[in-house]
Amino acid sequence: MMDADSPPSNFIRDIILADIASGKYGGRVHTRFPPEPNGYLHVGHAKSIMINFGLAEEFGGKCNLRFDDTNPTKEDQEYVDSIIEDVRWLGGDFGDRVYYASDYFDQLYEWAIELIKKGKAYVCDLSSEEVRRTRGTPTEPGQNSPYRDRSVEENLNLFERMKNGEFPDGARTLRAKIDMASPNLNLRDPVMYRILHAEHHRTGRKWCIYPMYDWAHGQCDSIEGITHSICTLEFEDHRPLYDWFLDQLGIYHPQQIEFDRLNLTYTVLSKRKLLQLVEQGIVDGWDDPRMPTISGMRRRGYSPAGLRAFARSLGVSKTNGITEFEKLEYYIRQDLNRTSPRVMAVLRPLKLVITNYPEGQLEWLEAVNNPEDPSAGTRKVPFGREIWIERDDFCEVPPKGYYRLYPGNEVRLRYAYIVTCEGVVKDPVTGEIQEVHCRYDPSTQSGQPSRKVKSTIHWVCAAHAIPIEARLYDKLFTVEDPNQVPEGQDFLAYLNPNSLEIVQGKAEPALASAQPGDRYQFERLGYFAADKSSRPDHLVFNRTVELRDTWAKLQKRL
RNA sequence: UGGGAGGUCGUCUAAUGGUAAGACUGCAGACUCUGGAUCUGCGUAUCGGGGUUCGAAUCCCUGCCUCCCAGCCA
């Protein structure tokens, strides 16, 4: 989880340090990661996971995985399963501490009765519409519910009957009796329980009343002995309520601390919007490689270590900002560069014929598997008279600064020979270039000392090439912040129509054994990972991220 | 126009009264059998105005801007 470098300082760590120094919580550090199982985890959760699990690990404490499953209408076992898988994959160590708010429904119910007995909660018969109308506005106080002063006995009776299923959905709620004039809307007699005759993914039909987030969260933290309850900024306004419930109950009181959630350019990170992309079939499920979900990034080829490095680089503050997508890509490349075996593949094949290379001759040339990791060793790559090269690596009329293949120019074929272009074969009708003809210099075999050439290009031996499908992904959105939309539009207006391009390419034989999930660097192109659908007779690779390409950058400027 | 929280390079983060630092991005160069990687260099910032102080990003006053809150969602 912590990987190599020492974690940067941040304000939450400072608080923990101070708490340890003062002996608060007996020097313990116990955090929790509390997702609601109503969607898949995304890269924003990765940040939260790193903070919560990372802090626990750093201070020799623990971090629980706890599902905030208080709303059965939106939650599902599928999400629970995916969340457990994703947290594990990222390296979150929760041991056997997988908990559920629903584990505590009985205790919560008992505590609600206790608040009723203390005159701190009451059953309210107002409809949701009436509650809204009487809540007031930010500038005007609300009005007390006409049911606010029911007797304890009546409240107890009604609450029990709510639990027993005697009333339909929405008929009544249990509300905390706080202050309808509070400037903090969360304190205007917030709802603690609502009636929901719904099947819960864990408790089934046992309950027809379900606790609201505010009533559940702090008490769950308390039960689990959490010390630092870390959440995102939008809960800042809820902290007084978090504290109020704990204080009224007089139970162990953890400390809520809020930090800024992650925002990424060209990305949406709201479960509602991600769900919409999935449900409308705009993407191929929650794990579509274009999704910012953990499962999507995994399928795309992002590594846990790369994602962790990114999350660690983020820092923790209370500033609302937006992190550049390039930063994510930097950390992914950095990890993949160290760990990915290199291989040669051609995405848009163009035939190259070496006219002075003997017909039928074949050589197996030595290629380095990973220049960043000598222990990865070498492999043999077949070479013959006809090879495939990238269409981009040939240009009949080269622009300024282009130093790949063009008539009269020479380049090195990676791990092979220097070749000189002597002509092309074109389709007589369309004029399209069908073949490039070159001569090779047999004295320039790789490994031998020879003259320098400006460019080295990759290639695949035609006689031994295996077909591959490559899925080339680009950003899902065309604008930095798809959440900023003009009136009357929604974020879908900014979908990138070219976020996926599928090409049929050629690869060296080493790729034949690729298993789903295997990661490679296709030399000079980028990092690719075998898709979950990839089979030996139909290899499919997802482009994880391109290599930095200074030539492409130069061209874009023109 | 209520309450809460924030404003430091283009972006993110640090500096906790004492030389405004780092990362990403960008630009320039070196090196290179990946126009990759690596290395070097360059650039740009304390929201405005007052004040306290020998000294202010930091403390005080004031103004401005941004974000969050009126779910029986979390």
Side-chain angles (χ1 to χ4, degrees), chain A residues 8-10 14 34-36 38 68 70-71 73-75 124 126-129 131-133 135-142 169-175 182-188 190-196 209-210 212-214 216-217 231-240 258 260 262 265 271-272 313-331 333-334 337-338 342 344 368 371-372 401-404 411-416 418 444 446-447 450 452-458 480 521-526 546-554:
Chain A
S9 167
N10 68 60
D14 292 344
E36 182 189 14
N38 68 342
D68 224 327
T70 58
N71 185 357
T73 65
K74 291 191 176 165
E75 295 153 8
C124 178
L126 256 24
S127 68
S128 58
E129 172 61 25
V131 169
R132 188 189 323 147
R133 266 205 326 265
R135 186 161 18 232
T137 70
T139 52
E140 304 161 294
D169 287 2
R172 291 177 220 265
T173 56
L174 183 72
R175 291 226 257 165
S182 172
N184 181 344
L185 289 309
N186 294 118
L187 263 21
R188 319 246 263 226
V191 172
M192 296 166 61
Y193 276 98
R194 76 284 217 187
I195 299 172
L196 243 33
I209 56 171
Y210 289 92
M212 298 288 290
Y213 166 85
D214 287 303
H217 205 90
C231 61
T232 43
L233 251 28
E234 68 269 26
F235 292 102
E236 234 155 6
D237 281 348
H238 295 244
R239 182 161 16 101
E258 310 86 12
D260 62 318
L262 172 67
T265 55
K271 283 201 224 170
R272 202 205 97 234
S313 78
L314 255 18
V316 184
S317 75
K318 291 171 83 87
T319 319
N320 258 310
I322 185 161
T323 297
E324 290 172 333
F325 197 81
E326 289 75 8
K327 185 166 189 164
L328 208 206
E329 294 194 319
Y330 170 83
Y331 284 97
R333 284 196 192 99
Q334 180 181 264
N337 178 48
R338 299 197 318 254
R342 316 284 132 124
M344 289 198 285
V368 173
E372 307 293 323
Y402 185 91
Y403 42 82
R404 273 110 95 152
V411 299
R412 171 170 290 284
L413 296 174
R414 179 86 155 144
Y415 297 124
I418 291 176
T444 58
S446 189
S450 68
K452 300 265 184 220
V453 287
K454 197 86 167 130
S455 183
T456 298
I457 67 174
H458 63 280
E480 282 207 350
Q521 184 198 98
F522 290 2
E523 292 221 27
R524 302 209 306 134
L525 297 173
E546 291 178 89
L547 254 22
R548 281 184 57 204
D549 187 344
T550 47
W551 170 242
K553 200 182 291 176
L554 275 174

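Side-chain atoms are counted along with the backbone in the values below, which use heavy atoms only and exclude waters and symmetry mates. Chain identifiers are assigned alphabetically (A, B, ...) following the order of the sequence lines, protein sequences preceding nucleic acid strands; residue numbering begins at 1 within each chain. No experiment lies behind these values; they were computed from the predicted model shown.
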Which part of the nucleic acid, if any, lies within reach of [X] when heavy atoms closer than 4.0 Å are counted: base, sugar-phosphate only, or nothing?
X: A/Thr550; answer: sugar-phosphate
X: A/Tyr331; answer: sugar-phosphate
X: A/Leu233; answer: nothing
X: A/Leu196; answer: nothing
X: A/Tyr193; answer: nothing
X: A/Asp14; answer: base
X: A/Tyr402; answer: base
X: A/Lys271; answer: nothing
X: A/Gly526; answer: nothing
X: A/Pro141; answer: nothing
X: A/Ser127; answer: base
X: A/Gly142; answer: nothing
X: A/Gly170; answer: base
X: A/Glu36; answer: sugar-phosphate

Using whole Å, report how far [atom1] of [X] lies from [atom2] of [N].
X: A/Arg333; N: B/rU25; atom1: CZ; atom2: C1'; answer: 12 Å
X: A/Arg404; N: B/rU34; atom1: CZ; atom2: P; answer: 13 Å
X: A/Leu185; N: B/rC73; atom1: CG; atom2: P; answer: 16 Å
X: A/Glu236; N: B/rC69; atom1: CD; atom2: C1'; answer: 11 Å
X: A/His458; N: B/rG35; atom1: NE2; atom2: P; answer: 10 Å
X: A/Asp549; N: B/rA37; atom1: CG; atom2: C1'; answer: 14 Å
X: A/Leu314; N: B/rA14; atom1: CG; atom2: P; answer: 11 Å
X: A/Glu234; N: B/rC69; atom1: CD; atom2: C1'; answer: 11 Å

For [N] and [M], measure between their [atom1] atoms and round to the nearest Å.
N: B/rU58; M: B/rU25; atom1: C1'; value: 28 Å
N: B/rC27; M: B/rC64; atom1: C1'; value: 34 Å
N: B/rA57; M: B/rA20; atom1: C1'; value: 8 Å
N: B/rC24; M: B/rU32; atom1: P; value: 24 Å
N: B/rU8; M: B/rA21; atom1: C1'; value: 11 Å
N: B/rU66; M: B/rC60; atom1: C1'; value: 24 Å
N: B/rC68; M: B/rG49; atom1: C1'; value: 28 Å
N: B/rU46; M: B/rG10; atom1: P; value: 9 Å

Nearest listed nucleotide, side chain of [X], among [options]:
X: A/Thr319; options: B/rG2, B/rU13, B/rC72; result: B/rU13
X: A/Asn71; options: B/rG26, B/rU34, B/rA74; result: B/rA74
X: A/Gln521; options: B/rA70, B/rU34, B/rG36; result: B/rU34
X: A/Lys553; options: B/rC27, B/rC72, B/rU34; result: B/rC27
X: A/Leu554; options: B/rU13, B/rG35, B/rC24; result: B/rG35
X: A/Arg548; options: B/rC68, B/rA37, B/rC73; result: B/rA37
X: A/Tyr213; options: B/rA74, B/rU34, B/rG2; result: B/rA74
X: A/Arg342; options: B/rG36, B/rG6, B/rA74; result: B/rG36
X: A/Thr456; options: B/rG35, B/rG26, B/rA70; result: B/rG35
X: A/Pro138; options: B/rA70, B/rU25, B/rC72; result: B/rA70

Is the backbone N or O of [Y] less than 3.5 Å from a side-chain atom of [X], with the two atoms forming a donor-acceptor pair by type?
X: A/Thr319; Y: A/Gly321; answer: no
X: A/Arg342; Y: A/Glu523; answer: no
X: A/Asp260; Y: A/Ser317; answer: yes
X: A/Thr444; Y: A/Ile418; answer: yes

Any [X] side-chain nitrogen or oxygen under 4.0 Å from OP1 or OP2 of [N]:
X: A/Ser317; N: B/rU13; value: yes
X: A/Arg194; N: B/rA74; value: yes
X: A/Arg135; N: B/rC72; value: yes
X: A/Arg188; N: B/rA70; value: no

When Watson-Crick pairs (N1 to N3 and N6-O4 or O6-N4) and G-U wobble pairs (N1-O2 and O6-N3) count only below 3.5 Å on both distances, what is the dot-bracket string of RNA chain B, with | for other-strand pairs? .((((((..((((....[..)))).(((((.......)))))....(((((..]....))))))))))).....
Could you tell me whether the side chain of A/Glu324 has a donor or acceptor atom within less than 3.5 Å of a complementary atom in the base of B/rG10? yes
Is the base of B/rG71 syn or anti, where syn means the angle lies within 90° of 0? syn
With distance as the sole criterion, is a donor-acceptor pair present between the side chains of [X] and [Y] under 3.5 Å?
X: A/Glu234; Y: A/Thr232; result: yes
X: A/Ser450; Y: A/Arg412; result: yes
X: A/Gln334; Y: A/Tyr330; result: yes

Is there aromatic stacking of A/Trp551 against B/rG35, centre distance under 5.5 Å, plane angle under 30°? yes
Contact check, side chains of [X] and [Y], non-hydrogen atoms, under 4.5 Å:
X: A/Tyr415; Y: A/Val368; answer: yes
X: A/Arg524; Y: A/Thr456; answer: no
X: A/Asn71; Y: A/Arg194; answer: yes
X: A/Trp551; Y: A/Arg404; answer: yes

For the pair A/Lys318 and A/Glu236, find out whether any cationic side-chain nitrogen is under 4.0 Å from an anionic carboxylate oxygen. yes
Of A/Tyr330 and A/Phe522, the one whose nearest nucleotide on RNA chain B sits closer to the 5' end is A/Tyr330
Reading RNA chain B from 5' onward, which residue's closest nucleotide shows up sooner: A/Glu372 or A/Arg239? A/Arg239
